[in-house]
Amino acid sequence: MNEKLIAEAREMLRTSRRPLALAGAGLSAESGIPTFRGAGGLWRNYRPEALATPEAFARDPQTVWEWYAWRRDLVAEAQPNPAHHALARLEHEREAFWLITQNVDGLSQRAGSQRVLELHGSLWRTRCIVCGHEAEDLRTPTPLDTACETCGGRIRPGVVWFGEGLDSQVIAKAQRLVEECDLLLVLGTSARVYPAAGLIPLAVQNGARVIEINPDPSGMSSMVNGLLQGPVGELLPRLLP
Ligand code: BJW
Ligand code: ZN
C-alpha cells in the first residue's frame, strides 16, 4: 500500500469537521461474511440478486428463508473485524459521526457503534406480509416454521429487496447526513445499488471529500479524492490516531 496515500487520507480524516461513513458488504468480508457480487457470493448456485427480490419470496419462500437462515447463523458465529472496531472508535471520538450501512448483519452494532443508519434493514428483524407486524428475532439456529405472533400470517425478513422502496425517513436522514458531511468514507461497497450509491455523487456535489477503501475500484472510484486499494480491516485502522 502506498504510504503517501495513507498519510494523505489520515490527514483528511484528522482535519475533517464532520466525517461520515458509507459501508457495504466488503466491511464484513474479513469477518467471513460473503459479499453479494464477485467471488464467494454464490449460495447453492443461486445468485444473491436472484434471491433478494419480492418475486423470489412470492415464488419460493422456503428457499429464500433457507438462504436468510444460513446467513443469520453464519453472522451469529462471526465476530466484528478491525474495521467494525475502528468505526466504533471513530464514533466514540468524533461528535456527530454516523455510519450509513447497506449491511443487514448487525456486526457494526456488535462492535459498539450506535449511530448506525441501516439502509437495507436488518437480518434480525421480521415483518408479517399479512398484517405488517414487525418484530425483533435474534434466534439462532434460525427456525424456519415461524408465523406472525399477531395474526399467524407468513413472516419475511425485515430487509429491503430490489424493487422495494427504502424507509423514507431513513433515506431522508442519510441524504441529510451526506449533505452536512465534509468527508465521506466509502468502505467496501461496489456502489452499484441505488439509492445508496447515489449518496456518493451527492457528497461530491455538496463539496465533501471522499475516501474509498476497497481492494477493487467501485462504480464511483473515478470521483473520489483518495482510493486506498486493499482490505478495509487492514487500512481503516491505519487512518485513525
Ligand atoms: C472489500 C473487501 C474487503 C471485498 N475490504 N472491500 C437508479 C439506477 C438504476 C437502477 C435503480 C436506480 N434506482 C433504483 C434502482 C433499482 C435498484 C438498483 O439499484 N438496481 C441496480 C442493481 C441497478 N434499487 C432498488 O430496487 C432499491 N429500491 C428502490 O430504489 O426503490 C425505489 C424504486 C422502486 C422500484 C423501481 C425504481 C425505484 C432497493 C435496493 C435494495 C438492495 N437490497 C440488497 C439486499 C438486502 C437484503 C439482504 O442483505 O439480503 O442490499 S441487494 C444487495 O446489494 C444488498 C446490499 O446492501 C447491496 C449493495 O451491495 P454491496 O454492499 O455494495 O456489496 P457488493 O457485493 O456489491 O460489493 C462488495 C464490495 O466489497 C466489492 O466492491 C468488493 O471489492 C469489496 N470488498 N472484500 C473492503 N476486505
Ligand atoms: Zn401478522
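Heavy atoms only: backbone and side chains are in, while hydrogens, waters and symmetry mates are out. Read the numbers this way: they start at 1 and go in the same order the structure lists the ligands and their atoms.
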Next item on the list: Report yes or no: does a heavy atom of Ser218 sit under 4.0 Å from some atom of ligand 1?
Entry: no
Check: Taking the minimum heavy-atom distance to atom 39 (C) of ligand 1, which of Glu118, Gln102, Arg37, Glu164 ranks first?
Finding: Glu164
Notebook entry, point to check: atom 32 (C) of ligand 1: which protein heavy atom is closest, and how many Å away?
Noted result: Gly165 CA, 4.2 Å
Item checked: Sequence-distant partners of Arg18, side chain to side chain donor-acceptor pair (under 3.5 Å), two or more places apart -> Glu180
Checklist line | Arg209 atom CZ: more than 12 heavy-atom contacts under 6.0 Å | finding: no
Note to self: As a check for students: among Gly121, Pro215, Pro48, Gly188, identify the option with a heavy atom nearest to atom 2 (C) of ligand 1.
What the structure shows: Pro215
Margin query: Counting non-hydrogen protein atoms only, what is the nearest one to atom 25 (C) of ligand 1? Give residue, atom name and distance.
Written below: Tyr194 O, 3.6 Å
Checklist line | Within reach of ligand 1, part of Ala25 (heavy-atom separation under 4.0 Å) | finding: both
Next item on the list: Would you mind finding which of Val159, Val64, Ile213, Val160 brings a heavy atom closest to atom 44 (C) of ligand 1?
Entry: Val160
Item checked: Residue and atom name of the nearest protein heavy atom (relative to atom 80 (N) of ligand 1), distance in Å to one decimal -> Glu30 OE2, 2.9 Å
Next item on the list: Out of Gly198, Gly41, Pro195, indicate the one that has the non-hydrogen atom closest to atom 30 (O) of ligand 1.
Entry: Pro195
Margin query: Which residue and atom name correspond to the protein heavy atom nearest atom 5 (N) of ligand 1, and how close is it?
Written below: Val232 N, 3.0 Å
Notebook entry, point to check: Hey, does the side chain of Asn225 reach the backbone of Val210 with a donor-acceptor pair shorter than 3.5 angstrom?
Noted result: yes
Check: Which residue holds the protein heavy atom closest to atom 22 (C) of ligand 1, what is that atom called, and what is the gap in Å?
Finding: Arg192 O, 3.7 Å
Next item on the list: With heavy atoms of Trp161 as the reference, note each atom of ligand 1 found under 4.0 Å away.
Entry: 39 (C), 41 (C)
Item checked: Rounded distance [0.5 Å steps], CG in Asn214 versus CG in Leu228 -> 10.5 Å
Item checked: Side-chain donor or acceptor of Ser28 paired with backbone N/O of Ser31 under 3.5 Å -> no
Checklist line | Flag side-chain contact, heavy atom, 4.5 Å: Leu177 against Leu117 | finding: yes
Notebook entry, point to check: At what distance is the nearest protein heavy atom to atom 3 (C) of ligand 1, and which residue and atom is it?
Noted result: Gly26 O, 3.5 Å
Notebook entry, point to check: Evaluating non-hydrogen atoms only, which member of Leu236, Asn214, Asn81 is closest to atom 76 (C) of ligand 1?
Noted result: Asn214
Notebook entry, point to check: Quick one: are Asp73 and Glu77 in side-chain contact, heavy atoms under 4.5 Å?
Noted result: no
Check: Does an N or O from His120, backbone or side chain, lie closer than 3.5 Å to an N or O of ligand 1?
Finding: yes
Notebook entry, point to check: Looking only at heavy atoms of Glu234, does any of them come nearer than 4.0 Å to an atom of ligand 1?
Noted result: no
Note to self: Rounded at 0.5 Å granularity, tell me how far CG in Asp105 sits from NE2 in His120.
What the structure shows: 13.0 Å
Margin query: Determine whether a donor-acceptor pair (N or O, by modelled atom type, separation under 3.5 Å) exists between the side chain of Arg125 and the backbone of Pro157.
Written below: no
Notebook entry, point to check: Is any N or O atom of Phe36, backbone or side chain, closer than 3.5 Å to an N or O atom of ligand 1?
Noted result: yes
Item checked: Heteroatom proximity flag, Val104 to ligand 1, N/O under 3.5 Å -> no
Notebook entry, point to check: With sequence neighbours excluded, what pairs up with Glu11 under the side chain to side chain donor-acceptor pair (under 3.5 Å) test?
Noted result: Arg14
Notebook entry, point to check: For ligand 1, which atoms sit closer than 4.0 Å to a heavy atom of Asp216?
Noted result: 75 (O)
Next item on the list: Specify the protein heavy atom at minimum distance from atom 34 (C) of ligand 1: its residue, its atom name, and the distance to 0.1 Å.
Entry: Gly163 O, 3.5 Å
Notebook entry, point to check: Hey, are the side chains of Arg110 and His84 touching, using non-hydrogen atoms and a 4.5 Å cut-off?
Noted result: no
Notebook entry, point to check: Got a donor-acceptor contact below 3.5 angstrom from the Ser221 side chain to the Ser218 backbone?
Noted result: yes
Check: Counting each atom of ligand 1 from 1 as listed, which ones have a heavy atom of Gly24 under 4.0 Å away?
Finding: 62 (O)
Notebook entry, point to check: For the Zn ion (ligand 2), which protein N/O/S atoms are closer than 2.8 Å?
Noted result: Cys128 SG, Cys131 SG, Cys148 SG, Cys151 SG
Check: Which protein non-hydrogen atom lies closest to atom 78 (N) of ligand 1, naming both residue and atom, and how far is it?
Finding: Ala29 CB, 3.6 Å
Next item on the list: May I ask you to list the atoms of ligand 1 that are less than 4.0 angstrom from any heavy atom of Arg71?
Entry: 48 (C), 49 (O), 50 (O)
Next item on the list: State plainly whether the residues Glu234 and Arg238 are in salt-bridge range, i.e. N to O under 4.0 Å.
Entry: no
Notebook entry, point to check: Is there at least one pair of N or O atoms, one from Trp67 and one from ligand 1, spaced under 3.5 Å apart?
Noted result: no
Check: So, do Trp161 and Phe57 have ring centers that fall under 6.0 Å from each other?
Finding: yes
Check: Mind checking what makes side chain to side chain donor-acceptor pair (under 3.5 Å) contact with Thr189, not counting sequence neighbours?
Finding: Gln102
Check: Distance-only, no hydrogens or angles: does the Asn206 side chain make a donor-acceptor pair with backbone N or O of Ala208 under 3.5 Å?
Finding: no
Next item on the list: Identify whether the distance between the nearest side-chain nitrogen and carboxylate oxygen of Glu95 and Arg115 falls below 4.0 Å.
Entry: no
